[in-house]
Amino acid sequence: QVQLVESGGGLVQPGGSLRLSCAASGSIFSFLAMGWYRQAPGKQRELVALITSGGSTNYADSVKGRFTISRDNAKNTVYLQMNSLKPEDTAVYYCNTPGISATDWGQGTQVTVSS
């Protein structure tokens with residue numbers, strides 16, 4: 001299993017931007033689809049962005065046009081660029097891989113959007 005460490009969260013005003021990073025370990029990282037998930041209080045964890053091993057991306061409707069997922073396989077890192085942030089984006093953000101290679105959820109990184 002890969003080990004995943006999220007970073008880059010923080011407090012930002014509505015309309016602001018943040019860039020999250022997910023550092024992974026494991027020799028098969030480049031073969032894995034990777035996703036960013038988030039969980040707000042009282043809500044289910046949801047997938048917000050996905051990138052395949054080939055670089056194709058998918059986004060939840062709620063973040064489409066505002067968030068961009070990318071990866072740097074040489075650095076074993078996945079990024080989530082978040083622009084035009086809204087209070088509704090407030091959540092703990094996690095990265096993971098779907099499917100059989102999924103690992104345990106890490107601590108995540110807190111994103112708070114508030115004025």
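Across every non-hydrogen atom of Ser53 and Ser30, the tightest pair is CB-O, 3.4 Å. Summarising the geometry of Ser101 relative to Ile28, their closest heavy-atom pair is OG-CD1, 4.3 Å, with the distance given to 0.1 Å. Closest approach of Ser17 and Ser84 over heavy atoms only: OG-N, 4.3 Å. Between Cys22 and Met34, the closest heavy-atom pair is SG-CE, 4.5 Å. Here the closest non-hydrogen pair linking Ser62 and Arg38 is OG-NH2, 3.4 Å. Nearest heavy atom pair, residue Val111 against residue Gly9, reads CG2-CA, 4.1 Å.
Taking a cutoff of 4.0 Å between a charged side-chain nitrogen and a carboxylate oxygen, Lys64 and Asp61 qualify as a salt bridge.
Atom OG1 of Thr52 sits about 11.0 Å away from atom CG of Leu32, to the nearest 0.5 Å. Considering CD of Gln110 and OG1 of Thr90, their distance stands at 7.5 Å, rounded to 0.5 Å. One finds the CZ atom of Phe67 at 14.0 Å from the OG1 atom of Thr57 (value rounded to the nearest 0.5 Å). The distance from the CZ atom of Arg66 to the CG atom of Leu85 is 6.5 Å, given to the nearest 0.5 Å. In this structure, CG on Leu4 lies 10.5 Å from OG1 on Thr77, to the nearest 0.5 angstrom. Separating the OG atom in Ser114 from the CG atom in Asp89 is a distance of 12.5 Å, to the nearest 0.5 Å.
The ring-ring contact (aromatic ring centres under 6.0 Å, His included) pairs that include a residue from residues 86-115 are Tyr37-Trp105, Tyr94-Trp105, where partners are two or more places apart or lie in different chains.
Residues Val5 and Val92 fall into different hydrophobic clusters, defined by Ile, Leu, Val, Met, Phe, Trp and Tyr side chains chained together at heavy-atom separations under 4.5 Å.
Enclosure of atom CD in Glu46 by more than 12 non-hydrogen atoms of other residues, nucleotides or ligands within 6.0 angstrom is indicated. In Lys75, the NZ atom is not crowded: 12 or fewer heavy atoms of neighbouring residues, nucleotides or ligands sit closer than 6.0 Å.
Cation-pi geometry between Arg71 and Phe29 is met: the NZ or CZ atom falls under 6.0 Å from the ring centre, inside 45° of the normal.
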TODO: Any chance you could lay out the side chain to side chain contact (heavy atoms under 4.5 Å, CB included) test for Glu6 and Leu20, step after step, and finish with the verdict?
DONE: CA-CA 7 Å; Glu6 302 94 343; Leu20 307 183; over 6 Å; no

Task: Derivation and outcome, side chain to side chain contact (heavy atoms under 4.5 Å, CB included), residues Ile69 and Val78 - done: CA-CA 7 Å; Ile69 188 171; Val78 183; 3.9 Å; yes

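Proximity of a side-chain donor or acceptor of Thr97 to a complementary backbone N or O of Ala33 within less than 3.5 Å is detected. Here the side chain of Asn76 pairs no donor or acceptor atom with the backbone of Ala23 at under 3.5 angstrom.
Among Leu50, Thr68, Leu47, the single residue meeting the side-chain contact (heavy atoms from CB on, under 4.5 Å) criterion with Tyr59 is Thr68.
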